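Chain A is the first sequence line, chain B the second, and so forth, proteins listed ahead of strands; every chain is numbered from 1. Just the heavy atoms: all of them, side chains too, but no hydrogens, waters or symmetry mates, feed the values below. Treat the numbers as computed from the prediction; the structure is a model and nothing was measured.
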Number of protein chains: 2
Amino acid sequence: VAERELIALVRDRIPHDGFILGPGDDAAVLEAGRVAWSTDLAIEGVHFTRRTGASPADAAVKALNRNLSDLAAMGAEPLAFLLAVGLPAADAAGVEAMADALAEVCVRNDLRIAGGDLSGSETLMFAISILGRVEEPLTRSGARAGDVLAITGALGEAAAGLFADRLPGSSVTSAMRERNGRGCARVREGLALRPFATSAIDISDGTAIDVGRVAEASGVRIVLDPAKLPRGHGVARASEILERDLALNGGDDYELAITLEPDQVDLARAAISPTPLTVVGVCVDGTGVTDPEGNPLEGGHEHLA
Amino acid sequence: VAERELIALVRDRIPHDGFILGPGDDAAVLEAGRVAWSTDLAIEGVHFTRRTGASPADAAVKALNRNLSDLAAMGAEPLAFLLAVGLPAADAAGVEAMADALAEVCVRNDLRIAGGDLSGSETLMFAISILGRVEEPLTRSGARAGDVLAITGALGEAAAGLFADRLPGSSVTSAMRERNGRGCARVREGLALRPFATSAIDISDGTAIDVGRVAEASGVRIVLDPAKLPRGHGVARASEILERDLALNGGDDYELAITLEPDQVDLARAAISPTPLTVVGVCVDGTGVTDPEGNPLEGGHEHLA
C-alpha cells in the first residue's frame with residue numbers, strides 16, 4: 001500500500017471537519033485562540049507492548065489518551081490533534097483498525113484530526129500533538145498548604161493488566177488488560193474540576209512521581225496516605241503489598257490528581273459524578289511527598305532508558 | 001543523567017519566553033490565534049543518517065527545518081514548537097549540543113520551544129510539532145492554467161551531500177555535506193511570496209513528487225523543464241544525468257515551489273532577493289507533471305518502508 005493511500009485511509013476514517021484548512025496540505029490552518037498544547041510519544045517497548053495481547057489499534061488509542069490526559073489536567077477542551085506514526089511494514093495492514101479506534105476516541109471527546117506524518121520505522125511509534133481550548137488553565141503550581149489532595153477514578157488496573165502474566169492468578173481480568181490498552185482520559189472531569197481545583201496533574205507516570213511534581217512546582221509538601229488510594233476492582237484482590245505498589249507507582253491510569261480547599265471537596269465530587277473523587281492526602285509546608293509517618297514516597301515511570 | 005535534568009538542559013538552552021504558560025506543565029498555554037499547524041518525523045535510518053558524518057545535533061536541526069519548511073510553504077510566521085525526542089542511551093551526552101543547535105535555528109527564525117517529550121528509544125528520532133501565525137495561508141490548491149512554476153534557491157546539494165560516498169569525486173564539498181544536515185527552511189521567502197503566489201509547497205520530498213502534489217490539489221497539469229531547475233554549485237559539476245536526478249528527485253532541499261501569474265515574477269523575485277527565484281515550468285489544463293515533451297516526471301521520496 002502506498003503512503004498516500006494509507007494517509008487517505010486514516011484521514012477518511014477520523015473526523016476532520018471545521019478547519020479553515022484540514023489535512024492534506026503542508027499544514028492545517030485553524031482558529032485556535034487561547035490553547036493548551038502538548039505532545040507525547042508512545043514507542044513500542046517503552047510505552048506499550050504487545051506482550052499482553054494489545055494490538056496496534058490499542059497502542060494508538062493509548063497514545064491519543066496520553067495526550068488527551070494532558071489536556072484534561074489543564075482543564076482544556078479538546079480541539080484537534082496531529083498524528084505522526086512510525087510504521088513497521090508488518091503493521092501496514094493494521095492501519096485501518098488503528099484509524100477506526102482513534103475515530104471512536106475522537107467522537108467521544110469531540111476531537112478532530114488536523115493532519116500528521118507517516119514514515120517507515122523499525123519500531124511502531126506514535127507521536128501525537130494535541131491542541132485544546134482553555135481560558136483559565138489548571139497548572140501544577142497552584143497547590144497551597146491546607147489544600148487536600150484528591151484523585152479521580154481508581155488506580156492500578158492498567159499496571160495490573162500490563163503485568164498480568166506476573167500477577168498471582170485470578171485477580172486480573174480481561175477488562176484490566178483492556179484498560180491498559182484503552183484507558184480513557186478524564187477530559188470531562190478536568191473541565192468540570194476547573195472551578196474547584198487549585199492545581200492538577202495527570203498521573204499517567206504513577207501517583208507518587210506525578211504528585212511529587214505538583215509538590216515541587218507548588219512549593220509544598222504533600223502528605224499522601226497510600227492506604228486511601230482508590231483501587232480498581234481487580235487490584236483490590238491482589239496481595240496487599242502489590243496492591244499498594246500498583247496504586248502508588250503503576251502508571252498508565254490517566255486519572256487526575258488535584259489539590260483543592262477542603263470545603264470544595266463536596267462540590268467538586270458532585271461536579272464529576274458518577275466518577276469517584278477520593279481524598280488521599282493534604283498539602284503542608286515543606287517539600288516532597290511523604291506518607292503520614294513522614295517516609296518519602298518515590299517511584300513511578302520515567303521513560304528514558 | 002535523569003530525564004528531568006536532560007529536559008531542563010534543553011529548555012534552558014532554547015528560547016521559551018512569551019507564553020501564558022511555558023514548558024514544564026502538562027501542556028503549554030499560549031494565545032495562538034489563527035495558526036498553521038504541522039508535524040514531521042525525523043527517524044534515523046529513514047530521514048537522516050550518520051553515515052556522512054552528520055551528528056545528532058545536525059539531525060535535530062534537520063528535523064526542525066523540516067517543520068519550519070512546512071510553515072514556510074503556508075506563508076506562516078513561526079510561533080513555537082514542541083520537541084519530542086526518542087533518545088538512545090548512547091546519545092544522551094549529545095543533548096546539550098542538540099539544544100544549542102536548535103537554539104540557533106530558533107533565534108534565526110524568532111521561534112520558541114513550548115515543551116516536548118523525552119523517551120528512551122532504540123533509534124534516535126525527533127517528532128516536532130510546530131505552530132505558525134497566518135492570516136491568508138498559501139495552499140497547494142490555488143494553481144491555475146496560465147500560471148508559471150518557480151523555485152526558490154538551488155536544488156540537489158542536500159542529496160549530493162547525502163550520497164557523497166557514491167558520487168564521482170570532487171564535486172561534493174563539505175558545504176554540501178553540511179547542507180544535508182543543516183539546510184535552512186525558506187521562512188522569510190514564504191512570508192514574502194504570500195502576496196504573489198497562487199500556490200506553494202515545500203519540496204523536501206523531491207521536486208517532481210512535490211510539484212505533482214500541487215498539480216493534483218489544483219487540478220492542473222504542470223509542465224516542468226528539468227534543464228531549467230536551479231542547481232547548487234556542487235551539483236552543477238556532477239555528471240549531467242546525475243545532476244538532473246539530484247535536482248529533480250534529490251529531496252531534503254527545503255526550497256519552495258510556487259505558482260504565480262507570469263506578470264508577478266519580477267515582483268516576487270524582488271521580494272525575496274537575494275534568494276534566487278527561477279521559473280522552471282508552466283501550468284496548463286490537464287493532470288500530472290511532465291517535461292516539455294510530455295513525458296511524465298516521477299520520483300522522489302516517500303518515507304514509508
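Here the straight-line distance linking atom CG of D25(B) with atom CD1 of I201(A) works out to 7.0 Å at 0.5 Å rounding.
Of all the listed residues (I130(B), T123(B), I128(B)), the one sharing the greatest number of non-hydrogen pairs under 4.5 Å with chain A is I130(B). For the set A200(B), A32(B), A127(B), A28(B), the entry with the most heavy-atom pairs within less than 4.5 Å of chain A is A28(B). Highest contact tally toward chain B, considering only G45(A), A80(A), A217(A), S69(A), is held by A80(A) [criterion: heavy-atom pairs under 4.5 Å]. Between chain B and the residues G115(A), A114(A), G33(A), the most heavy-atom pairs under 4.5 angstrom are made by G33(A). Of all the listed residues (I43(B), D202(B), L41(B)), the one sharing the greatest number of non-hydrogen pairs under 4.5 Å with chain A is L41(B). Chosen from M125(B), R140(B), E122(B), E44(B), the residue pairing most often with chain A at heavy-atom distances under 4.5 Å is R140(B). Most heavy-atom pairs under 4.5 Å with chain B, from the set L83(A), D40(A), L131(A): that is L131(A).
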Problem set entry | CA sep, side-chain torsions, deciding dist, call: T139(B), V29(A), side-chain contact (heavy atoms from CB on, under 4.5 Å) | CA-CA 10 Å; T139(B) 70; V29(A) 179; over 6 Å; no

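Only the side chain of I20(B) comes within less than 4.5 Å of a heavy atom of chain A; its backbone N, CA, C and O stay farther away. Neither the backbone nor the side chain of E135(B) has a heavy atom closer than 4.5 Å to any heavy atom of chain A. For L21(B), the part lying near chain A is the side chain, with the backbone staying farther off; criterion is any non-hydrogen pair under 4.5 Å.
Applying the 6.0 Å contact sphere to CD of E31(A) captures more than 12 heavy atoms from other residues, nucleotides or ligands.
With a 4.5 Å cut-off on side-chain heavy atoms, V35(A) and V35(B) do not count as touching. Annotation: side chain of W37(B) is in contact with side chain of W37(A) (closest heavy-atom distance under 4.5 Å).
Remark: side-chain polar atoms of D26(A) are not paired, donor with acceptor, to backbone N or O of M74(B) under 3.5 angstrom.
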